[in-house]
Each structure stands twice: as structure tokens, then as C-alpha cells.
Undergrad: 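Have a look at the structure that comes next, please.
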Amino acid sequence: MHRRILAPGVFAAASLLLAIPASAASYSPGAPGIGDPYYPYYGNGGYDVSHYDLRLQYQPATDELAGTATILARTTQDLSSFDLDFLLDVSEVQVNGAQAAFATSGQHELVITPKTPLAKDTPITVVVRYSGVPSTKSAYGFNTWHRTPDGAVAADEPESAWWWFPSNDHPLDKATYDVSVAVPDGTQVISNGLLQSTSSKLGWTRYNWRQNKPQATYLATLAVGKFDITTSTSEGGVPVVNAYSEDLGDNDGAARASVERTGELVDWLSGYFGPYPFSSAGGYVPNTTTGYALETQTRVYYSPKQFANGSNTSVVVHELAHQWYGDDVSLKGWKDIWINEGFARYAQWLWSEHEGEGTTQELADYVYASHPADDAFWTVKPGDPGPDDQFDIAVYDRGALAVQALRNAVGDDAFFAILKGWPKEHAYGNASVADFEAYAEQVSGKSLGSLFDAWLFEPTKPATPALKAVGAVVQPKSWKQIEATNHVH
């Protein structure tokens, strides 16, 4: 509750009630969390966002960010107040053109009280003016805003929006985006979707990016710095935009040799997953010290460290596979992370087979044999790993084992129909592990509950693996390159 009523006595309280329309009793604050048990205060209740319009200005030298966020949404209950997830300093809030009261609460809650309560199913326009130095802000003891020598990057999971725009920060509430950022001349801005235009005035250049398909907040990205930007079109007709920091040093060649194959890999993955679901593809490699990669929608974030040992197309395959499994079809709750990571890892196995460096079956056999029954690997349940193990290696490798077990159980025809049909069935929406199980059963005509239980939910090594028997298990040639991506998302 973010409200209180002060009444000096019973008589005064009764008088107050007489002055309020009876219908007002139904108005209540929106919940400070969307209801995800892994992260109780991520996202918010009471409304659904359709579009974010972010008009920002950023000064790399001082890490000062200022701007206005205009959020289009619709209420899902009678609201007296509602929250946004945000950390920067707010100077003004308007709701439907009227000044609104606002206050901070908890680790990252901005509580907004509109001038008049909002009835259920009301379209709302929320305008938030703000400023601050993102690198100085933290919540729960961490900061996901990454400074670089020439700018900054917002790219992290499961949260990064709080440091640069107010939002309903949970994958359940996806929206379209316009991201417009002014930076000093000579500096560039990278974001999701397609660049609509640029303009220069008085020493500042403004970049206007648009994401025209629904996007989860953690998949929104912002990169400011000095980049070499390349553009192309894949053979299948997908526009590709890549960007490389000008100071990648020795990692530059390997980064380009990997990321410049994005168009080819998008077309190849389309053969398994169906048509590419977005207006553009690509990636960027800023000069950061982080070690992970992230499937930021249409514009994948790669750490230079991913290419420290040479090119690695496997990591590009992993992140591009997420464009279907994770971005197009997003999880309903963070416990459903297997749908993201198990299938992105399996895409790497498919690429290994394509390259003649180990079949999916050989990789499955190798992973299975590499972990004895008493290995803690088997105690992590990919179908519901818990917040502490959400990105444990078992979610990836045991998760991919589950995909191979499904393939062996239903046969290739049904399996590849499932693989391609799933993104179409839930296009631009959200789905759970239970939804996937039901869909796989529908397409295959088989009962799969015991298979999913064994591979995704039991904290033990399946005693009878749904894998083909083989002789001596040897390490596939692709394993080292796949293993090098263990810390990606």
C-alpha cells in the first residue's frame, strides 16, 4: 500500500466516506511486482504497456543522462496509484496530461499517484522527466550500467532498464519502442531495430531507432561510443546492422570474423525455426570488461572476451537462436528460462553437426557421460532451477539434453515440426515450459509428461537416458568452442 487516510475520529471518517462516490472504493494501488516468485518486485501490477517513447541526451564524458519517457499503456484494474521500475532522479510526472504525485519506494520503485483515479481499461499516457548519472545508482547491491572508455552500454539480464528508462520491467509486459538519443558529434548510438534517421545541431547528433515488434524490457539495449558500423542484407532479405568499438585491439579481427556472419546464420537458423521474426538483425561489440553475450533483440550484445581466443560462430548462433526462442516467444516467468537457454544451446549443437564437428547425438552422449550420477549438475532442474541457478550450466547443457531426448522420443519429423511451429504458435507473446510440453504433445501425438519430468524437473540423473546407445564416448571437435560460450546468456 502506498496510501493512507488520516481520520481524527469515527464521526470524521463517516463524513469522509459520505463525500466519496461509492465506486471509489474499488480503486487500489497497483502491485509493486508483477507476481514472479523468482523476483517479487520486478515488474508491476495494474497496467499493460504498449509503447515506450524515449527521448534522451547523454554526455559520455560525465555519464550524465537526461530525458523524457512517454509510456503508452492501459489499466488492467481500477487504480489509485501504480509503480514503475526506475533508479534515476525524476523531476516531473504527468498522467493523461495532468501533473501526478510521485515518490520512491523500496529498491527501485517509482510510485505514481495520478490526479484522479484511473478506471479499469483506461488508456493512459505517462510522461516522466528525469536525469542522473547511471553509474552511481545501484539496487540490491549491483549496477548493470557498463561504462566504456568512450561511452556506456545497457545490456544485462534479468534487468538493465532501471538505469536508463522507467518501465514495467518483466518479460510479461512487452511493448514497441522508439529510442531517440542525442550525443556529442563524433559519438554514435546503437539500439534495437532499425535506425530511422539522424540529425545534428549545435554540436550534438541525435539518433532515432525504432523497434516495431513487441520487446521485453531486458532485451532493450543502448550503446553509446565510437563505433565502426557495417550494414548488409542477408541472402534471405534480412537487413543486418553490426557495430564494433574502435578500440577493440587484438580482438577486433576475430569479432568481425564472427559477427559479420550474422546474415548467413540468420538464414540458416530460419530453416529450423521459421522466418526471421524481426525487421533487422545484427550485433555490437563494445569495449567492455564484462565476459558475457546477451540476446538483446535484433542487436545482440557481445563482449570482446568472447573472441579472445579467435573467432567463435557458435556464440553468434546461440544469441541469434534466442531471437526466436526468448525474444519472439518470451518466457511467462523467469522459471521458464529453459525455453530460452536449452534451445539456444541446442542450436549450437545443430551448428556443430552442420559444420561436421560433432552431431547433436554425439554432443548429447558426451554431456551425459561427462557428469556422473553424484555430480551436482543433476541437482539443478532446468524446468524450474530457482533464481540462484537460473543461469547455471545445467540449464544450458542438461536443457539441451532434454531437447535431444525429445527428438529421440518423437522422431525427426515431429521434432522439427515442433521446433519450427513453436515460434509461430506464440509469435510476439509469452509462453511457459508447461505450454511447450502441451504443444509438443499436440504435434507429436505422444504423452511426454514422464520425459519432461525426468529431464527437466527431477534432481537426479535419468537412470535410462532417452539417448541412443553408443560405444566409446569421445569429445566432439566442436566442444571447446561451445564450452567457451558457457557464460553467455
Side-chain angles (χ1 to χ4, degrees), residues 54-67 132-136 143-156 160 163-165 177 179-211 220-232 239-262 280-294 296-308 311 315-316 319:
L54 310 177
R55 190 168 180 84
L56 312 175
Q57 180 170 304
Y58 180 70
Q59 174 53 264
T62 58
D63 195 38
E64 292 176 280
L65 178 69
V133 179
S135 59
T136 66
N143 182 306
T144 69
W145 180 261
H146 309 297
R147 292 282 275 134
T148 62
D150 54 12
V153 169
D156 219 321
S160 70
W163 283 264
W164 66 289
F165 69 98
Y177 286 73
V179 177
S180 175
V181 187
V183 292
D185 289 348
T187 299
Q188 290 125 315
V189 175
I190 305 297
S191 193
N192 311 86
L194 284 170
L195 183 64
Q196 302 297 297
S197 64
T198 61
S199 60
S200 295
K201 183 178 181 180
L202 301 176
W204 293 82
T205 301
R206 180 168 290 278
Y207 292 78
N208 301 297
W209 290 88
R210 172 167 291 170
Q211 174 58 270
T221 193
L222 176 67
V224 177
K226 297 182 186 299
F227 295 99
D228 176 37
I229 299 174
T230 67
T231 59
S232 61
V240 179
V241 180
N242 295 322
Y244 308 89
S245 178
E246 293 181 354
D247 55 358
L248 291 179
D250 291 346
N251 292 327
D252 183 79
R256 292 172 187 265
S258 307
V259 180
E260 284 300 302
R261 296 184 68 179
T262 292
S280 69
Y284 69 96
V285 190
N287 185 14
T288 64
T289 57
T290 59
Y292 59 88
L294 183 64
T296 37
Q297 192 163 306
T298 69
R299 195 97 328 103
V300 174
Y301 163 81
Y302 298 98
S303 163
K305 292 182 179 179
Q306 290 297 320
F307 312 107
S311 64
V315 70
V316 181
E319 301 305 336

Undergrad: For the pair Trp145 and Leu222, evaluate side chain to side chain contact (heavy atoms under 4.5 Å, CB included) and give the outcome as yes or no after the intermediate values.
TA: CA-CA 10 Å; Trp145 180 261; Leu222 176 67; 4.1 Å; yes
Undergrad: Which heavy-atom pair separates Glu319 from Val300 by the least distance, and what is that distance?
TA: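 Smallest interatomic distance, heavy atoms only, reads CB-CG1, 3.4 Å.
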Undergrad: Can you give me the closest heavy-atom contact between Gly282 and Val240, atom names plus distance?
TA: CA-CG1, 4.1 Å
Undergrad: Just do the side chain to side chain contact (heavy atoms under 4.5 Å, CB included) check on Asn192 and Val179 with the steps written out, would you?
TA: CA-CA 8 Å; Asn192 311 86; Val179 177; 5.6 Å; no
Undergrad: Contact between Phe307 and Val259 at the side-chain level, heavy atoms closer than 4.5 Å - yes or no?
TA: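 They are in contact (side-chain heavy atoms under 4.5 Å apart), so the answer is yes.
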Undergrad: Backbone N or O of Arg55 within a donor-acceptor pair of the Ser180 side chain at under 3.5 Å?
TA: no
Undergrad: At their closest point, which heavy atom of Ala254 faces which heavy atom of Ser258, and how far apart are they?
TA: O-OG, 2.8 Å
Undergrad: Within a strict 4.5 Å, meaning less than it, do heavy atoms of the Gln57 and Val181 side chains meet?
TA: no
Undergrad: For the OG atom of Ser197 and the OH atom of Tyr207, what is their distance to the nearest 0.5 Å?
TA: 11.0 Å
Undergrad: Nearest 0.5 Å please: distance from the CZ atom of Arg210 over to the CD atom of Gln196.
TA: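 It is 5.0 Å, given to the nearest 0.5 Å.
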Undergrad: To the closest 0.5 Å, what do you measure between CG (Asn242) and OG1 (Thr230)?
TA: 4.5 Å
Undergrad: Apply side chain to side chain contact (heavy atoms under 4.5 Å, CB included) to the pair Lys201 and Arg206, showing each step before the final yes or no.
TA: CA-CA 8 Å; Lys201 183 178 181 180; Arg206 180 168 290 278; over 6 Å; no
Undergrad: Do Tyr58 and Leu56 make a side-chain contact, defined as non-hydrogen atoms from C-beta onward lying under 4.5 Å apart?
TA: no
Undergrad: Can you name the closest pair of heavy atoms from Val224 and Pro60 and give their distance?
TA: CG1-CG, 4.0 Å
Undergrad: Counting only N and O atoms by type, is there a donor-acceptor contact under 3.5 Å from the side chain of Gln188 to the main-chain atoms of Phe227?
TA: yes
Undergrad: Determine, step by step, whether Ile190 and Thr221 satisfy the side chain to side chain contact (heavy atoms under 4.5 Å, CB included) criterion, reporting the C-alpha distance in whole Å, the side-chain angles of both residues, the deciding distance to 0.1 Å, and the verdict.
TA: CA-CA 8 Å; Ile190 305 297; Thr221 193; 5.8 Å; no
Undergrad: Does Gly132 offer a backbone N or O that forms a donor-acceptor pair with the side chain of Glu64 under 3.5 Å?
TA: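 No, the answer is negative, given that no donor and acceptor are paired below the 3.5 Å cut-off.
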Undergrad: Using only atom types and a distance under 3.5 Å, with no angle test, would you say the side chain of Thr205 pairs donor to acceptor with the backbone of Ser200?
TA: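 It does not hold such a pair.
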Undergrad: Given side chains that start at C-beta, do those of Asn251 and Tyr302 come closer than 4.5 Å, heavy atoms only?
TA: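 Not in contact.
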Undergrad: Could you tell me the separation between the OG1 atom of Thr198 and the CG atom of Asn208, rounded to the nearest 0.5 Å?
TA: 8.0 Å
Undergrad: Kindly indicate whether the side chain of Asp150, heavy atoms from C-beta on, has any atom under 4.5 Å from the side chain of Ser245.
TA: yes
Undergrad: Can you tell me if Asp185 has over 12 outside heavy atoms packed within less than 6.0 Å of its CG?
TA: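 Counting neighbours around CG of Asp185, more than 12 heavy atoms of other residues, nucleotides or ligands fall under 6.0 Å, so yes.
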Undergrad: Quick one, Asp63 and Pro134 - any side-chain contact, counting heavy atoms below 4.5 Å?
TA: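 When only atoms from C-beta onward are counted, Pro134 and Asp63 do touch, with a gap below 4.5 Å.
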Undergrad: Within a strict 4.5 Å, meaning less than it, do heavy atoms of the Asp228 and Arg256 side chains meet?
TA: yes
Undergrad: How about Asp156 and Trp163: does a side-chain donor come under 3.5 Å of a side-chain acceptor?
TA: no
Undergrad: For a quick check under 3.5 Å, do Arg299 and Ser191 share a side-chain donor-acceptor pair by atom type?
TA: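 Checked: Arg299/Ser191 side chains show no N/O donor-acceptor pair below 3.5 Å.
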Undergrad: Rounded to the nearest 0.5 Å, what's the gap from NE2 on His146 to OG on Ser160? Could you check?
TA: 8.0 Å
Undergrad: Can any side-chain N or O of Lys305 pair as donor or acceptor with the backbone N or O of Thr289 at less than 3.5 Å?
TA: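 Yes, the answer is positive, given that a donor and an acceptor are paired below the 3.5 Å cut-off.
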Undergrad: Verify, without hydrogens or angle tests, whether Trp164 (side chain) and Leu65 (backbone) share a donor-acceptor contact under 3.5 angstrom.
TA: no
Undergrad: Do you know which two heavy atoms are closest between Ala293 and Val315, and how far apart they sit?
TA: CB-CG2, 4.1 Å
Undergrad: Specify the closest pair of heavy atoms between Ala243 and Ile229, including all atoms of both residues, with the distance to one decimal.
TA: CB-CG1, 4.0 Å
Undergrad: What orientation do Tyr301 and Tyr292 show, parallel under 30°, tilted 30 to 60°, or perpendicular over 60°?
TA: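 Taking Tyr292 first and then Tyr301, their aromatic rings sit tilted (interplane angle of 30° to 60°).
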Undergrad: Using 0.5 Å steps for rounding, measure from the CG atom of Leu248 to the OG1 atom of Thr288.
TA: 9.0 Å
